[in-house]
Amino acid sequence: MFAALTFVCFVCLTATTNADHHHHPCHAPNMTGQMSVMSLKGEIKTHGTFTYDSTGKKLRFRSNESHPTNTSLGLDLLMFFDEGVFYEIDAKNQSCEKKSLQSTDHPLDIPRGAKFCTTATSGSASIEGEGLKVNMWTGSMHNVKGTFSMYVTMGCLPVATFYSTESTSFLFSTMEVDNTIKEPDLLMVPAFCEYQPLEETPEGTVNSFFNEFV
Ligand SMILES: *[C@@H]1O[C@H](CO)[C@@H](O)[C@H](O)[C@H]1NC(C)=O
Ligand SMILES: *[C@@H]1O[C@H](CO)[C@@H](O)[C@H](O)[C@H]1NC(C)=O
Ligand SMILES: *[C@@H]1O[C@H](CO)[C@@H](O)[C@H](O)[C@H]1NC(C)=O
Ligand SMILES: *[C@@H]1O[C@H](CO)[C@@H](O)[C@H](O)[C@H]1NC(C)=O
């Protein structure tokens, strides 16, 4: 379904004359949920839980290696989009790296400047309780040559985000979303990371949520 919708949004991206100027991107609420990241080759990169503070623009994502499917990536990320920094955490050996963010793009909230594409129903629009109505938004990625399409519910909960660059494409999908923060501590810098110095970003490197999965 998302491939078909992405095609629709590609048409939207290239036919800007159809842009609807009356729509403004909605803003996601505080959330807890699960996220899967899949490459377009069908490889499930990772699966885990996220906590998102939409007011403070903070995001924690922890992959769960005991998920039944094999995943290739173990990650524990804590991102502060307003401050432009993030931590790669290794809770097992109590270590972390602190880096600066060159792009605040992430799949849980529609970025500013996104264009409304269309509204569609996944499943059935006519059978009661069997459809999920989503709004689709598209735009260009920041500091990376690429585009995104995002699918959110009418209440602005993220369903899926498709990122496509010249070299790779990824689908981020979210499930079991709740509009509360269940563990606020997950959005605090762990004590063992507190005095971590900021690492220098090598020339030409763009740190972003997306790039952590590439
Ligand atoms: C989201 O959570 C943060 C931290 O708990 C809180 O400060 C903020 O008011 C919450 N925002 C909303 C819209 O509930
Ligand atoms: C990890 O996944 C397993 C299997 O789905 C689940 O039982 C467990 O609660 C998860 N752990 C965390 C920390 O989410
Ligand atoms: C998961 O990984 C194990 C060990 O690498 C491998 O033997 C198994 O076939 C994999 N399972 C799937 C479903 O890919
Ligand atoms: C922690 O573990 C990672 C790999 O699991 C390793 O690269 C890193 O050097 C370790 N850090 C410390 C302080 O032991």
Side-chain angles (χ1 to χ4, degrees), residues 20 22-37 46-64 74-91 94-117 119 122 132-139 141-142 148-163 172-198 207-213:
D20 185 330
H22 302 290
H23 282 79
H24 292 287
C26 56
H27 187 39
N30 281 347
M31 297 180 288
T32 301
Q34 295 182 17
M35 185 189 293
S36 279
V37 185
T46 195
H47 178 94
T49 55
F50 69 84
T51 300
Y52 180 57
D53 175 345
S54 72
T55 308
K57 304 266 191 296
K58 302 172 190 174
L59 170 62
R60 181 76 176 261
F61 173 76
R62 292 190 300 168
S63 61
N64 180 347
L75 279 176
D76 187 349
L77 302 168
L78 176 58
M79 297 199 158
F80 298 94
F81 297 110
D82 280 349
E83 286 88 348
V85 295
F86 74 107
Y87 295 83
E88 289 174 353
I89 300 167
D90 185 339
Q94 304 255 299
S95 66
C96 69
E97 291 181 82
K98 183 182 181 181
K99 297 178 178 175
S100 58
L101 277 168
Q102 279 75 44
S103 166
T104 56
D105 289 342
H106 67 85
L108 299 178
D109 223 342
I110 304 166
R112 237 178 282 163
K115 279 197 200 107
F116 176 75
C117 173
T119 302
S122 177
L132 177 66
K133 199 170 162 191
V134 293
N135 275 330
M136 293 180 255
W137 294 83
T138 59
M141 292 167 76
H142 294 110
F148 68 85
S149 356
M150 284 187 86
Y151 311 90
V152 303
T153 63
M154 296 299 117
C156 216
L157 301 180
V159 176
T161 299
F162 179 74
Y163 288 108
F172 291 73
S173 42
T174 49
M175 292 134 274
E176 315 293 344
V177 178
D178 210 326
N179 61 355
T180 57
I181 292 174
K182 289 180 181 163
E183 291 182 67
D185 285 355
L186 289 176
L187 296 171
M188 313 237 271
V189 177
F192 58 84
C193 294
E194 226 163 295
Y195 301 106
Q196 193 70 24
L198 186 68
N207 290 324
S208 67
F209 188 78
F210 168 81
N211 272 329
E212 290 293 304
F213 298 87

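What's counted below: heavy atoms across the whole structure, side chains too, no hydrogens, waters or symmetry copies. Residue numbers start at 1 and run along the sequence shown. Counting starts at 1 for both ligands and their atoms, in listed order. It should be emphasised that the depicted structure is a prediction, and the values quoted were computed from it without experimental measurement.
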Which pair of non-hydrogen atoms, one from Phe209 and one from Pro107, has the smallest distance, and what is that distance? CD2-CD, 3.3 Å
Using the side chain to side chain contact (heavy atoms under 4.5 Å, CB included) criterion, which residues pair with Gln196? Sequence neighbours excluded. Cys96, Lys98
Below 3.5 Å only, please: the N or O atoms of ligand 1 paired with protein N or O atoms, distance on each line.
unit_1, atom_1, unit_2, atom_2, d
ligand 1, 2 (O), Asn30, ND2, 2.4
ligand 1, 11 (N), Asn30, ND2, 3.0
ligand 1, 11 (N), Thr55, OG1, 2.7
ligand 1, 14 (O), Asn30, ND2, 3.4

Report, one line per pair, each donor and acceptor closer than 3.5 Å where one atom sits in a side chain of residues 174-192; sequence neighbours left out.
unit_1, atom_1, unit_2, atom_2, d
Thr174, OG1, Pro158, O, 2.5
Thr174, OG1, Val159, O, 3.4
Asp178, OD2, Lys182, NZ, 3.3

Determine whether the aromatic ring centres of residues Phe148 and Phe210 are separated by less than 6.0 angstrom. no
Does Lys57 have any salt bridge (Lys or Arg N to Asp or Glu O under 4.0 Å) partners at least two apart in sequence or in another chain, and if so, which? none
Do the non-hydrogen side-chain atoms of Leu77 and Leu59 ever get within less than 4.5 Å of each other? no
